[in-house]
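What follows is one structure encoded as structure tokens, with my remarks underneath.
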Amino acid sequence: MTLRIGNASGFYGDRFDAMREMLTGGELDVLTGDYLAELTMLILGRDRLKDPAAGYARTFLRQLEECLGLAHERGVRIVTNAGGLNPAGLADAVRRLADRLGIPVRVAHVAGDDLTAAHPGSLAAHAYLGGFGIAQCMRAGADVVVTGRVTDAALVTGPAAAHFGWSETEYDRLAGAVVAGHVLECGAQATGGNYAFFRDGDARRPGFPLAELHEDGSCVITKHPGTGGFVDVGTVTAQLLYETAGARYAGPDVTARLDTVRLSQDGPDRVRIEGVRGEAPPPTLKVGLNRLGGFRNEVVFVLTGLDIEAKAALVREQMEPALGKVADVRWEPARTDRADAPTEETASALLRLVVRDPDQGAVGRALSGAAVELALASYPGFHVLAPPGKGSPYGVFEDVYVPHGGVDHVAVLHDGRRIPVPPAHATAVLDEVPEPPLPEPPVPGPTRRAPLGLVAGARSGDKGGNANVGVWARTDDAWRWLAHELTADRFRELIPESRELTVVRHALPNLRALNFVVEGILGAGVAAQHRFDPQAKALGEWLRSRHLEIPEALL
């Protein structure tokens with residue numbers, strides 16, 4: 001008995017046509033859509049300030065207007081976290097849409113994640129719920145299930161638990177579904193999108209992924225026939241490493257052991273996942289807190305031609321009087337210039353000024369006025385990429401934890417009944433898994449200085465203020481070298497901005513992979529725009545571009 005679960009959205013703003021493509025491209029039982037991220041919750045929170053009836057992903061409703069009839073005709077059930085901060089409001093909107101279209105569908109939703117009232121000063125505070133509220137809705141016959149903040153993988157564990165009748169303590173099966181859900185959750189990232197070795201296939205318009213999930217928790221990751229992109233062990237490995245850390249991948253339903261995952265190519269565009277072991281979930285639930293942190297502004301000065309450093313020093317000194325009382329001032333030079341350049345653009349460097357302060361006035365017109373007034377009184381060739389604005393609000397993300405019993409997890413069925421979802425029956429404190437044995441190092445031989453990316457892939461992302469960088473080898477020989485060469489200290493050497501930070505390395509030999517967690521590199525999270533790449537999306541690609549001594553046998 002196989003349950004075919006597809007994905008049609010990896011974030012709020014993903015490809016609009018994906019829902020139709022997934023419904024018409026092949027067989028499906030369940031179609032999921034992931035619309036939420038830390039930054040999205042802040043955006044929806046600001047929407048709700050303007051309109052208390054808002055707070056959900058409106059894109060989903062527009063997609064459903066085109067596709068609800070298709071889903072009904074094909075018997076595909078839809079599960080989505082597009083409810084955001086207002087799942088009940090979105091469920092009502094879906095009912096009104098279905099009535100208007102004359103489509104008889106049963107709509108349910110999951111409630112209980114909203115803890116904003118318990119956290120004064122937060123714009124949005126939401127617990128990450130598991131999949132058993134979704135399962136209750138589906139067991140009662142819901143065709144569409146809307147949730148607020150659940151874990152991304154819950155969009156798969158819920159339908160799987162309902163379909164196969166899994167209990168809350170069937171940890172290995174649940175862990176297999178969590179791994180499948182984690183692979184699916186970011187959409188085309190599993191089918192060649194954002195992939196280090198994108199030239200291995202046609203990555204121009206990747207199709208969206210689906211999982212053929214089995215009763216024992218194993219699955220095959222694939223995509224609809226004829227769609228773009230590709231699915232291989234590498235694309236699945238990359239997504240497994242994305243925004244994870246060590247061997248234990250904890251969630252509200254189960255802790256999945258990523259060090260037990262086994263991947264194998266099962267044919268063209270088919271990767272089998274098996275062997276996943278699970279453990280009892282941790283005793284607490286994660287709660288994401290979003291609050292307004294203050295106001296930010298930025299100016300990017302363009303420095304062209306000769307004396308780049310002297311020009312930068314001059315404008316910094318000229319701006320100093322306007323910056324004296326600003327709480328947070330960051331100057332970030334980008335030496336994009338080169339000597340004797342054939343174009344003005346390639347002769348130019350950028351100097352980025354970013355300021356933050358609780359007071360909008362401190363970073364608003366006073367700052368922009370000071371920058372504009374230098375137009376005829378600063379370095380030769382003075383200009384900026386865009387005139388500075390009046391300052392915009394920014395958000396701060398942090399996570400706290402509450403006991404499982406600290407939330408009122410409720411499945412609100414299509415007929416209005418409210419079914420409480422009990423907390424986890426058993427829990428286990430998360431302990432570090434002992435470091436696994438590493439393979440024997442390669443026999444010493446001649447080396448050549450070359451980019452790491454010639455022998456290893458990488459994918460990186462954000463978790464609050466931390467970044468993770470997953471690095472994997474594509475062959476056993478490359479893994480033997482990588483496991484011994486890319487230590488946490490070597491990582492710090494290659495990524496200079498991590499040298500004063502805590503870098504933790506986790507080894508996952510089954511995946512021939514290392515996962516690095518860089519603590520604090522993103523400051524207060526993506527919404528605070530702490531660095532040039534605020535979500536660390538390209539941190540892995542920067543690492544791959546760094547040069548080190550690589551055995552010639554691997555090149």
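The residues of the chain are indexed from 1 along the displayed sequence. Both backbone and side-chain heavy atoms feed into the values below; hydrogens, waters and symmetry mates do not.
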side-chain contact (heavy atoms from CB on, under 4.5 Å) assessment of V287 paired with D399: CA-CA 5 Å; V287 179; D399 48 1; over 6 Å; no

Quick one, L39 with F11, criterion side-chain contact (heavy atoms from CB on, under 4.5 Å). Give me CA distance, side-chain angles, the key distance, then yes/no. CA-CA 10 Å; L39 180 59; F11 68 101; over 6 Å; no

Can you find a heavy atom in the side chain of [X] that is under 4.5 Å from one in the side chain of [Y]?
X	Y	answer
L49	L123	yes
N297	L353	no
L42	E38	no
L115	H126	no
E541	L543	no
P87	V146	yes
M319	L367	yes
L522	N466	no

Does [X], at its [atom1] atom, have more than 12 non-hydrogen atoms belonging to other residues, nucleotides or ligands within less than 6.0 Å?
X	atom1	value
L306	CG	no
E309	CD	no
E549	CD	yes
R46	CZ	no

For [X], all residues meeting ring pair (Phe, Tyr, Trp, His ring centres under 6.0 Å), sequence neighbours excluded:
X	result
Y379	F382
H182	Y249
F208	none
F491	F516

Check this for me: does any side-chain nitrogen of one of R499 and E493 sit under 4.0 Å from a carboxylate oxygen of the other?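 Salt bridge absent between R499 and E493.
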
Here's one to test your reading of the geometry: is the NZ or CZ of K286 within 45 degrees of the ring axis of Y128 and under 6.0 Å from its centre?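 Yes, K286 and Y128 form such a contact.
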
Rounded distance [0.5 Å steps], [atom1] in [X] versus [atom2] in [Y]:
X	Y	atom1	atom2	result
L482	R490	CG	CZ	11.5 Å
E497	L539	CD	CG	6.5 Å
L486	L494	CG	CG	6.5 Å
W331	R352	CH2	CZ	12.5 Å
W472	L241	CH2	CG	7.0 Å
D152	N81	CG	CG	6.5 Å

Side-chain donor-acceptor contacts of residues 52-61 below 3.5 Å, not counting sequence neighbours, with atom names and distances?
none

Is D328 reaching over with its side chain to a backbone N or O of V355, donor-acceptor style, under 3.5 angstrom?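 No: the side chain of D328 does not pair with the backbone of V355.
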
Please answer whether the main-chain N or O of A124 pairs with a side-chain N or O of T116 as donor and acceptor at a distance below 3.5 Å.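 No.
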
Could you tell me which residues satisfy side chain to side chain contact (heavy atoms under 4.5 Å, CB included) with [X], sequence neighbours excluded, listed by chain and number?
X	value
F295	Q360, V363, P393
A538	D533
E344	T304, S348, H383

Taking salt bridge (Lys or Arg N to Asp or Glu O under 4.0 Å) as the cut-off, I'd like each qualifying pair that reaches into residues 112-123, sequence neighbours left out, listed once.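 Residue pairs passing salt bridge (Lys or Arg N to Asp or Glu O under 4.0 Å), neighbours aside: R48-D114.
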
Salt bridge (Lys or Arg N to Asp or Glu O under 4.0 Å): pairs with one or both residues in residues 369-385, sequence neighbours excluded: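 Checked against salt bridge (Lys or Arg N to Asp or Glu O under 4.0 Å) - neighbours excluded - no pair reaches residues 369-385.
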
Taking every non-hydrogen atom, the tightest pair across L501 and R492: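 Nearest pair, atom of L501 first, then R492: O-NE, 3.5 Å.
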
Heavy atoms only: give me the nearest E243-N468 pair and the separation to one decimal.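 Answer, listing the atom of E243 first, then N468: N-OD1, 2.9 Å.
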
Under 3.5 Å donor-acceptor pairs involving side-chain atoms of residues 189-199, not counting sequence neighbours:
residue, atom, partner, partner atom, Å
Q189, OE1, N194, ND2, 3.0
Q189, NE2, Q239, OE1, 2.8
T191, OG1, A188, O, 3.2
T191, OG1, G207, O, 2.6

Walk me through it: do V145 and T80 pass the test side-chain contact (heavy atoms from CB on, under 4.5 Å)? CA-CA 6 Å; V145 181; T80 180; over 6 Å; no

Qualifying residues under salt bridge (charged side-chain N to carboxylate O under 4.0 Å, His left out), relative to D202, sequence neighbours excluded: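 Salt bridge (charged side-chain N to carboxylate O under 4.0 Å, His left out) check on D202 returns R204.
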
Does the pair V469 and I495 meet the rule for a side-chain contact (heavy atoms from CB on, under 4.5 Å), with working shown? CA-CA 11 Å; V469 184; I495 305 297; over 6 Å; no

